[in-house]
Amino acid sequence: MVRVGLTTERLVRAGAELADEVGFEQVTASALARRFDVKVASLYSHVKNSQDLKTRIALLALEELADRAAEALAGRADRDALTAFANVYRDYAQEHPGRYAAAQFRLDPEAAAASAGVKHAQMMRAILRGYHLTEPDQTHAVRMLGSVFHGYVSLELAGGFSHSAPDSQESWSRVLDALDALLRNWPAR
C-alpha cells in the first residue's frame with residue numbers, strides 16, 4: 001500500500017535536502033524513512049533501494065545544474081560564457097554541497113546517456129566552439145575544464161583555501177583568466 005503523501009519526487013527532493021544537510025554519502029533509504037517517520041518498506045513503492053535513491057538524487061542535481069547553466073549561458077560567448085558556466089558549478093556546490101556531490105555519482109551507462117549530463121557536455125562544447133576547438137581537442141578541453149572546476153570547488157569546499165591570502169575568489173578569477181588564455185592559445189598537435 002502506498003503511503004499517502006509520499007511520492008517519488010517528494011522522496012528524491014527530500015533526499016537531496018538531506019544530502020545538503022548531512023552529506024551525500026550519508027543518504028540512505030533508512031535515513032530518509034526516519035525523516036518521514038515511516039518504515040523503510042513504505043519507501044519501496046517509490047524507490048527500489050538506497051542505490052536507486054542516490055541515482056535519482058544525482059539525476060535531479062544534474063538537471064538543476066543544467067538548467068542553471070543554460071540560463072547563465074544565454075547570450076554569452078567566449079570568456080563570458082566560460083566564466084558563467086564555471087560560476088554556476090562553483091555557486092551550486094557552495095549552495096548545495098550534497099547535491100553537488102551527487103552530481104559526481106557514477107551512473108550506469110543507460111542512466112548517464114538519458115541524464116542532463118549530456119546537456120552539460122553539449123553546453124561545454126558550445127563554449128569551446130567559440131574558441132575554435134575541434135575534435136579531438138574539444139574532448140581534451142572538456143576533460144581539463146571539468147577537472148579544474150571540480151578540483152577547485154572540491155578543495156574550496158574542504159576549506160583548502162581558507163588559511164592563506166589572497167582569498168579564493170581572487171584565485172578563482174585568475175584561474176578563469178588562465179583557462180581563457182589557454183583556450184585561446186590551445187597548443188597545436
Side-chain angles (χ1 to χ4, degrees), residues 16 19-20 23-25 55 57-189:
D20 288 337
F24 181 64
E25 62 283 345
T55 296
I57 294 168
L59 294 172
L60 172 68
L62 288 168
E63 190 68 40
E64 289 176 345
L65 268 167
D67 290 346
R68 286 185 180 199
E71 186 176 322
L73 287 174
R76 297 178 190 264
D78 303 325
R79 188 191 188 292
D80 287 342
L82 176 68
T83 299
F85 191 81
N87 285 336
V88 163
Y89 278 80
R90 184 172 179 234
D91 294 347
Y92 188 80
Q94 290 171 345
E95 293 169 30
H96 301 290
R99 292 178 203 208
Y100 179 77
Q104 313 310 311
F105 188 64
R106 186 180 184 111
L107 300 172
D108 67 62
E110 188 176 304
S115 77
V118 175
K119 292 179 193 174
H120 296 255
Q122 290 169 340
M123 287 184 276
M124 196 174 285
R125 288 177 185 281
I127 292 167
L128 293 173
R129 282 192 298 276
Y131 288 99
H132 308 291
L133 292 183
T134 58
E135 285 302 345
D137 290 329
Q138 270 190 11
T139 297
H140 299 313
V142 165
R143 291 173 179 169
M144 178 196 67
L145 292 173
S147 298
V148 171
F149 298 162
H150 178 65
Y152 194 96
V153 166
S154 296
L155 289 169
E156 187 175 40
L157 286 174
F161 305 135
S162 62
H163 305 293
S164 62
D167 79 5
S168 62
Q169 178 58 46
E170 184 177 340
S171 294
W172 178 250
S173 295
R174 297 287 292 157
V175 165
L176 295 178
D177 288 340
L179 289 172
D180 175 62
L182 173 63
L183 292 171
R184 288 180 189 285
N185 299 288
W186 192 261
R189 289 178 62 102

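Side chains are part of it too, since the values below use all heavy atoms of this structure and drop only hydrogens, waters and symmetry mates.
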Quiz item: Are Arg189 and Pro136 close enough that some pair of their side-chain heavy atoms sits under 4.5 Å apart?
Solution: yes
Note to self: Ring-plane angle category for Phe24 and Phe105, please: parallel below 30°, perpendicular beyond 60°, tilted otherwise.
What the structure shows: perpendicular
Please find out if less than 6.0 Å separates the ring center of His96 from that of Tyr92.
yes
Output for pair (Leu65 CG, Tyr89 OH), nearest 0.5 Å, gives 5.0 Å
Assess whether atom CZ of Arg184 is packed by more than 12 heavy atoms of other residues, nucleotides or ligands within 6.0 Å.
yes
- With distance as the sole test, does Glu63 use its side chain to make a donor-acceptor pair with the main-chain N or O of Ala116 at under 3.5 Å? no
dist Gln138:CD -> Leu145:CG (nearest 0.5 Å) comes out at 11.0 Å
Distance col, row Thr83:OG1 vs Arg76:CZ, nearest 0.5 angstrom, shows 8.5 Å
Residue pairs meeting side chain to side chain donor-acceptor pair (under 3.5 Å), one or both in residues 154-164, sequence neighbours left out, come to Arg90-Glu156, Gln94-Glu156, His150-Ser154, Glu156-Ser168
One should read off an interatomic distance between Thr134 OG1 and His132 NE2, to the nearest 0.5 angstrom, of 11.0 Å
More than 12 heavy atoms of other groups within 6.0 Å of Glu135 CD: yes
With sequence neighbours left out, the residues meeting salt bridge (Lys or Arg N to Asp or Glu O under 4.0 Å) with Asp78 are none
